[in-house]
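Data first, discussion second: the structure below is written as structure tokens.
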Amino acid sequence: MLCPFCGSETTKVVDSRMCEGERVRKRRCDKCTRTHTTAERISAEWMKVRKRNDTVERFVRAKIAESIRTAAGGTPLSPADVKTFVDRVVQVLQPDAPDVPVHSRDIGKLVMEQLRGDTAAVDVVRIRYAMVFLGSRVYPGGFRDIAAFVRWLDQEYGSPRVTAAPEGPTSVIKRDGRTETFQPGKILAGVRQAAAGRGTPAEVDQLARRVTDEVGTRLAGQGVVTSQQIGAEAIHALRAIDPIAYLRYAAAVKGYRSVDDYWLDATALLESAG
């Protein structure tokens with residue numbers, strides 16, 4: 001490494017550290033004694049990857065980033081976080097022989113190893129990635145069934161904090177990402193409002209309870225559900241019971257944007273009734 005001040009070829013590294021995926025080195029010139037800093041980034045352009053079908057292609061860093069972004073969809077993981085994880089993988093991905101391709105399976109394992117952090121969001125992204133990478137039926141030792149996944153989950157994250165599978169939902173993930181306790185009373189109130197005037201108060205209450213019970217039945221066995229799931233199940237039940245109440249409820253849950261939305265659903269109801 002040439003000294004940028006005097007051109008001497010005799011420089012020594014006096015400090016070295018990683019910073020945002022780059023190796024930053026502080027060097028001192030033996031001749032003029034001045035110091036300068038260099039930043040080195042691993043170049044992976046020369047790497048080759050052997051795919052599962054045995055074909056060989058050029059290593060593309062962007063493919064790793066895309067796979068992590070896909071797993072991170074809907075989570076708080078930022079683009080900077082994704083870049084950091086990709087940097088970690090590339091730093092480790094240094095085969096001894098440049099002419100020997102790296103197997104895509106080994107790259108997937110490295111991504112799994114590097115996708116670690118101290119937040120719940122990173123855990124979720126890693127598990128999502130694992131369910132695709134290890135969930136393939138052609139992957140040796142992968143998730144052949146749910147029991148294999150549960151064993152992996154226990155090995156990677158320890159025993160569950162819940163002691164038994166719930167009979168019905170316990171938590172609801174809202175559209176804005178917040179989590180709240182599952183409350184059947186909210187479904188009941190929403191359906192009552194949609195069905196207001198569609199019979200006597202007792203009949204409306206009976207209809208609302210019927211829909212709420214059906215939603216609970218259809219969501220049985222799922223500990224965590226989304227507000228969209230709840231809305232979809234309530235819509236499904238209402239459609240078969242009262243088309244007008246259905247349209248009232250659907251307009252809010254689906255977020256109708258124009259008259260055309262009402263026409264589309266109303267026409268479909270007519271056709272199904274006929």
Side-chain angles (χ1 to χ4, degrees), residues 16-26 37-144 148-158 173-179 224 226 228:
S16 178
R17 58 189 172 83
M18 290 301 299
C19 180
E20 296 184 355
E22 296 180 332
R23 173 64 64 179
V24 178
R25 303 182 194 274
K26 184 178 181 181
T37 302
T38 60
E40 302 169 13
R41 187 189 185 96
I42 297 171
S43 176
E45 286 80 5
W46 52 268
M47 292 187 195
K48 301 292 183 181
V49 178
R50 186 175 298 282
K51 307 293 287 182
R52 286 179 179 174
N53 61 6
D54 215 33
T55 59
V56 176
E57 63 179 37
R58 181 174 64 86
F59 173 80
V60 181
R61 175 189 175 94
K63 287 189 176 182
I64 298 178
E66 181 60 29
S67 67
I68 296 176
R69 277 196 297 269
T70 299
T75 72
L77 207 70
S78 69
D81 293 329
V82 173
K83 179 181 179 298
T84 297
F85 287 125
V86 175
D87 286 338
R88 290 182 188 176
V89 173
V90 175
Q91 287 161 21
V92 179
L93 193 61
Q94 298 183 64
D96 296 329
D99 295 332
V100 178
V102 179
H103 202 285
S104 59
R105 180 173 57 247
D106 295 328
I107 295 176
K109 288 179 181 178
L110 279 177
V111 174
M112 290 283 299
E113 291 172 7
Q114 299 305 318
L115 263 178
R116 295 182 184 275
D118 55 2
T119 66
V122 174
D123 291 341
V124 169
V125 173
R126 184 170 184 266
I127 294 170
R128 285 183 180 177
Y129 186 92
M131 295 194 75
V132 174
F133 176 60
L134 299 178
S136 171
R137 293 183 181 276
V138 300
Y139 186 85
F143 302 150
R144 296 290 178 180
F149 171 70
V150 169
R151 284 194 298 271
W152 176 86
L153 203 61
D154 182 64
Q155 291 168 1
E156 295 292 321
Y157 296 98
I173 299 176
K174 308 290 286 183
R175 290 179 184 269
D176 60 6
R178 292 181 298 110
T179 300
V224 180
T226 66
Q228 293 95 316

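Numbers here simply count residues along the sequence, with the first being 1.
- Considering all non-hydrogen atoms of both residues, R128 and A72 come closest at NH1-C, 3.8 Å.
- Here the CZ-CG distance, from R105 to L110, works out to 12.5 Å after rounding to the nearest 0.5 Å.
- Among residues two or more places apart in sequence or in another chain, the side chain to side chain contact (heavy atoms under 4.5 Å, CB included) test is passed with V122 by L77, F85, T119.
- With sequence neighbours left out, T179 forms a side chain to side chain donor-acceptor pair (under 3.5 Å) with no residue at all.
- Take E57 and apply the side chain to side chain donor-acceptor pair (under 3.5 Å) test, not counting sequence neighbours, and it matches K63.
- Residues G108 and Y129 approach most closely at CA-OH, 3.6 Å, considering heavy atoms.
- Between the side chain of D81 and the main chain of S78, a donor-acceptor pair closer than 3.5 Å is present.
- Looking at residues two or more places apart in sequence or on another chain, you find no side chain to side chain donor-acceptor pair (under 3.5 Å) involving D118.
- Residues satisfying the side chain to side chain donor-acceptor pair (under 3.5 Å) criterion with R50, sequence neighbours excluded, are D54.
- Nearest heavy atom pair, residue R52 against residue F133, reads NH2-O, 3.8 Å.
- One finds a salt bridge joining R61 and D87 here, because a Lys/Arg side-chain nitrogen approaches an Asp/Glu carboxylate oxygen to under 4.0 Å.
- Using modelled atom types, no side-chain atom of R126 and backbone atom of G117 make a donor-acceptor pair closer than 3.5 Å.
- Note: M131 CE to F143 CZ = 7.0 Å, rounded to the nearest 0.5 Å.
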Side chain to side chain contact (heavy atoms under 4.5 Å, CB included) between V102 and F59: does it pass, once the steps are laid out? CA-CA 9 Å; V102 179; F59 173 80; over 6 Å; no
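- The salt bridge (charged side-chain N to carboxylate O under 4.0 Å, His left out) check on R116 picks up E156, with sequence neighbours excluded.
- Atoms CG and CD1, from L115 and I68 in turn, are 5.0 Å apart once rounded to the nearest 0.5 Å.
- Considering CG of D123 and OG1 of T75, their distance stands at 11.5 Å, rounded to 0.5 Å.
- The existence of a salt bridge linking K174 and D176 is excluded, since no basic side-chain nitrogen approaches an acidic carboxylate oxygen closer than 4.0 Å.
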